[in-house]
Amino acid sequence: QVQLVESGGGLVQAGGSLRLSCAASGRTFSSYAMGWFRQAPGKERKFVAAISWNGGSTYYSDSVKGRFTISRDNAKNTVYLHMSSLKPEDTAVYYCAADNTIVLRSRPDEYDYWGQGTQVTVSS
């Protein structure tokens, strides 16, 4: 089992920045690819970003590319999502997820473990 806990969400003005954190425990964190997803009310959970087990590869949705950066610190068992130039349409609950794979995947159903989410609200 892998337990994931997100933190760092909050209210921010459009154009501002936030850093989300996801702390992992349970199994060996460094063996998992990690992803961030988001879900707005009434909408499907959508892929945001993913990072390989060693941090060597990243993958972003087109909607956040150039604005968001995913990173990880395996010594701290933590993955981060740095969000800049935030837009109102970025408002959602953000979830981190773990995927025991050697490739990066973008479908929610492909990930094995999930956190409870953290709310990000971007005001116009």
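Quick caveat: nothing in here was measured; it's all calculated off a predicted structure.
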Are [Y] and [X] linked, directly or through intermediate hydrophobic residues, by side-chain heavy-atom contacts shorter than 4.5 Å (ILVMFWY only)?
{"X": "Leu4", "Y": "Val79", "value": "yes"}
{"X": "Leu81", "Y": "Leu18", "value": "yes"}
{"X": "Leu104", "Y": "Tyr95", "value": "yes"}
{"X": "Leu20", "Y": "Val122", "value": "yes"}
{"X": "Val12", "Y": "Val48", "value": "yes"}

Look at the side chain of [X] and the backbone N and O of [Y], then say whether any donor-acceptor pair between them is shorter than 3.5 Å.
{"X": "Glu6", "Y": "Cys96", "answer": "yes"}
{"X": "Asn74", "Y": "Trp53", "answer": "yes"}
{"X": "Tyr59", "Y": "Gly35", "answer": "no"}
{"X": "Tyr60", "Y": "Ile70", "answer": "yes"}
{"X": "Gln39", "Y": "Ala92", "answer": "no"}
{"X": "Thr101", "Y": "Asp99", "answer": "no"}
{"X": "Arg105", "Y": "Ala50", "answer": "no"}

Shortest non-hydrogen separation from [X] to [Y] and the atoms involved:
{"X": "Ser85", "Y": "Ser17", "value": "N-OG, 4.4 Å"}
{"X": "Val2", "Y": "Ala98", "value": "CG1-CB, 4.4 Å"}
{"X": "Ser124", "Y": "Gln13", "value": "O-OE1, 3.9 Å"}
{"X": "Pro108", "Y": "Trp114", "value": "O-CZ2, 3.2 Å"}
{"X": "Asn100", "Y": "Ser31", "value": "OD1-O, 3.7 Å"}
{"X": "Val120", "Y": "Gly9", "value": "CG2-CA, 4.1 Å"}

So how far is it from [X] [atom1] to [Y] [atom2], rounded to the nearest 0.5 Å?
{"X": "Ser25", "Y": "Gln1", "atom1": "OG", "atom2": "CD", "value": "10.5 Å"}
{"X": "Arg45", "Y": "Tyr111", "atom1": "CZ", "atom2": "OH", "value": "12.5 Å"}
{"X": "Arg67", "Y": "Leu86", "atom1": "CZ", "atom2": "CG", "value": "6.5 Å"}
{"X": "Asp90", "Y": "Ser84", "atom1": "CG", "atom2": "OG", "value": "10.5 Å"}
{"X": "Ser61", "Y": "Trp36", "atom1": "OG", "atom2": "CH2", "value": "14.0 Å"}
{"X": "Arg72", "Y": "Asn54", "atom1": "CZ", "atom2": "CG", "value": "8.0 Å"}

Aromatic ring pairing Tyr94/Phe68, orientation class (parallel under 30°, perpendicular over 60°, tilted between):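 Taking Phe68 first and then Tyr94, their aromatic rings sit tilted (interplane angle of 30° to 60°).
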Residue pair Ser63 / Arg38, side-chain heavy-atom distance below 4.5 Å: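 Result yes, sub-4.5 Å side-chain heavy-atom pair found.
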Intermediate values then yes/no, side chain to side chain contact (heavy atoms under 4.5 Å, CB included), Gln119 and Leu11: CA-CA 8 Å; Gln119 177 71 47; Leu11 175 65; over 6 Å; no
